[in-house]
Visitor: 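The structure under discussion is supplied below as structure tokens; questions concerning it will follow.
For ligands, and for the atoms within them, numbers begin at 1 and follow the listed sequence. Each residue takes its place number in the sequence, starting with 1.
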Amino acid sequence: MIIGVLALQGDFDAHRRRLEELGAEVVLVKKPEQLDQIDGLVIPGGESGAFLKILGEEGFQKLQEFVCQKPAFGTCAGAILLATEVTNPPQEGLGALDIRIRRNAYGRQIDSSIRIGMMQGTPMEMVFIRAPRIEHIGPNVEVLATEGNDPVVVRQGRAMAATFHPELSDDTRVHRAFLDLVESSK
Ligand code: GLN
């Protein structure tokens with residue numbers, strides 16, 4: 001199983017380490033053609049507007065084709081990229097997840113914080129960094145984890161997203177859920 005980590009910008013190396021720790025073979029994806037060699041893709045945190053700029057129209061299209069066909073997992077900025085609707089300010093999304101997501105949604109004071117949420121009935125440490133908030137989910141979106149009343153890990157078909165940074169905590173369950181998804185989609 002070969003997992004790509006989009007390595008254009010942001011926090012990609014912590015994802016690489018976590019995925020390798022869980023036994024996956026990882027390639028850092030810097031060129032569109034590398035998407036043809038992988039079974040699943042992680043889109044890391046960073047700055048979603050910067051991702052869009054670096055990708056350009058061609059990179060965006062290629063990525064959109066990939067996420068329609070193969071499993072993808074976006075964290076934070078990556079979650080924003082996978083959404084159908086982005087607000088604050090509005091920006092283009094890949095449309096792989098039927099969610100409305102609001103960028104930088106937690107205001108200044110709790111701009112970045114470590115909070116305890118719940119994943120499938122068990123507490124989980126969650127690191128939020130200038131995090132977005134999922135404000136609305138479509139009927140086919142499954143909630144895998146919550147923090148307070150907010151859905152923070154969601155899945156629809158082959159696409160998965162977390163609004164926090166699971167690669168920065170010791171708990172490996174979110175990455176493991178993605179690897180299971182890739183395995184079952186092969
Ligand atoms: N605030 C960033 C954005 O809007 C996301 C932050 C992150 O990925 N940690 O794209």
Side-chain angles (χ1 to χ4, degrees), residues 3-19 26 28-30 40-57 59-60 63-64 66-67 71-117 119 124-137 141 143-148 150-156 159-175 177-178:
I3 306 294
V5 179
L6 195 66
L8 299 177
Q9 200 251 351
D11 174 29
F12 51 83
D13 213 51
H15 282 287
R16 179 184 61 75
R17 284 196 299 273
R18 171 57 48 85
L19 292 161
V26 179
L28 295 179
V29 174
K30 296 184 192 234
L41 178 71
V42 173
I43 307 176
E47 177 55 47
S48 55
F51 273 115
L52 289 177
K53 277 203 191 112
I54 299 168
L55 281 166
E57 204 157 312
F60 185 85
L63 198 56
Q64 199 157 37
F66 182 91
V67 302
F73 171 38
T75 57
C76 207
I80 297 168
L81 282 183
L82 287 172
T84 36
E85 193 184 346
V86 180
T87 63
N88 191 40
Q91 88 189 1
E92 208 175 0
L94 294 163
L97 277 170
D98 184 12
I99 58 173
R100 183 173 75 237
I101 193 163
R102 182 178 177 80
R103 296 177 64 190
N104 304 312
Y106 290 92
R108 269 202 152 159
Q109 248 179 351
I110 48 166
D111 198 331
S112 301
S113 59
I114 300 177
R115 306 203 282 276
I116 304 296
M119 178 149 176
M124 173 180 267
E125 177 187 278
M126 299 175 175
V127 180
F128 292 88
I129 304 172
R130 295 178 56 73
R133 178 185 249 147
I134 297 170
E135 294 185 319
H136 175 79
I137 59 171
V141 177
V143 176
L144 303 183
T146 51
E147 192 278 320
D150 295 333
V152 291
V153 181
V154 294
R155 183 177 92 103
Q156 180 178 6
M160 215 179 117
T163 56
F164 60 99
H165 287 262
E167 75 284 6
L168 299 181
S169 296
D170 292 335
D171 197 319
T172 59
R173 281 180 287 160
V174 181
H175 285 84
F178 179 61

Visitor: Within the distance-only criterion (no hydrogens, no angle test), does the side chain of Q156 pair as donor or acceptor with the backbone N or O of D98 below 3.5 angstrom?
Guide: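 The answer is yes, because a donor-acceptor pair under 3.5 Å joins these two groups.
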Visitor: List in chain and number order the residues that pass salt bridge (Lys or Arg N to Asp or Glu O under 4.0 Å) with D171, two or more places apart in sequence or in another chain; answer none if no residue qualifies.
Guide: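 Only R173 meet the salt bridge (Lys or Arg N to Asp or Glu O under 4.0 Å) criterion with D171.
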Visitor: Test your reading of the model: is there a side-chain donor-acceptor pair from T84 to the backbone of I99, 3.5 Å cut-off?
Guide: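 Yes, T84 side chain to I99 backbone: donor-acceptor pair under 3.5 Å.
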Visitor: With salt bridge (Lys or Arg N to Asp or Glu O under 4.0 Å) as the criterion, how do R103 and E47 come out once you've worked through the C-alpha distance, each side chain's angles and the decisive distance to 0.1 Å?
Guide: CA-CA 10 Å; R103 296 177 64 190; E47 177 55 47; 2.4 Å; yes
Visitor: Show the protein residues that qualify under the rule heavy atom under 4.0 Å from an atom of ligand 1, listing them in chain and number order.
Guide: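 If the criterion is a heavy atom under 4.0 Å, then ligand 1 touches G45, G46, E47, S48, C76, A77, I80, R103, N104, I129, R130, H165.
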Visitor: V42 and side chain to side chain contact (heavy atoms under 4.5 Å, CB included): which single residue from L19, V29, L6 fits?
Guide: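 By the side chain to side chain contact (heavy atoms under 4.5 Å, CB included) criterion, V42 pairs with just one of L19, V29, L6: L19.
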Visitor: Determine the interplanar angle of the H15 and H175 rings, folded into 0 to 90°, and report it as parallel if under 30°, tilted if 30 to 60°, perpendicular if over 60°.
Guide: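 Rings of H15 and H175: tilted, as their planes differ by 30° to 60°.
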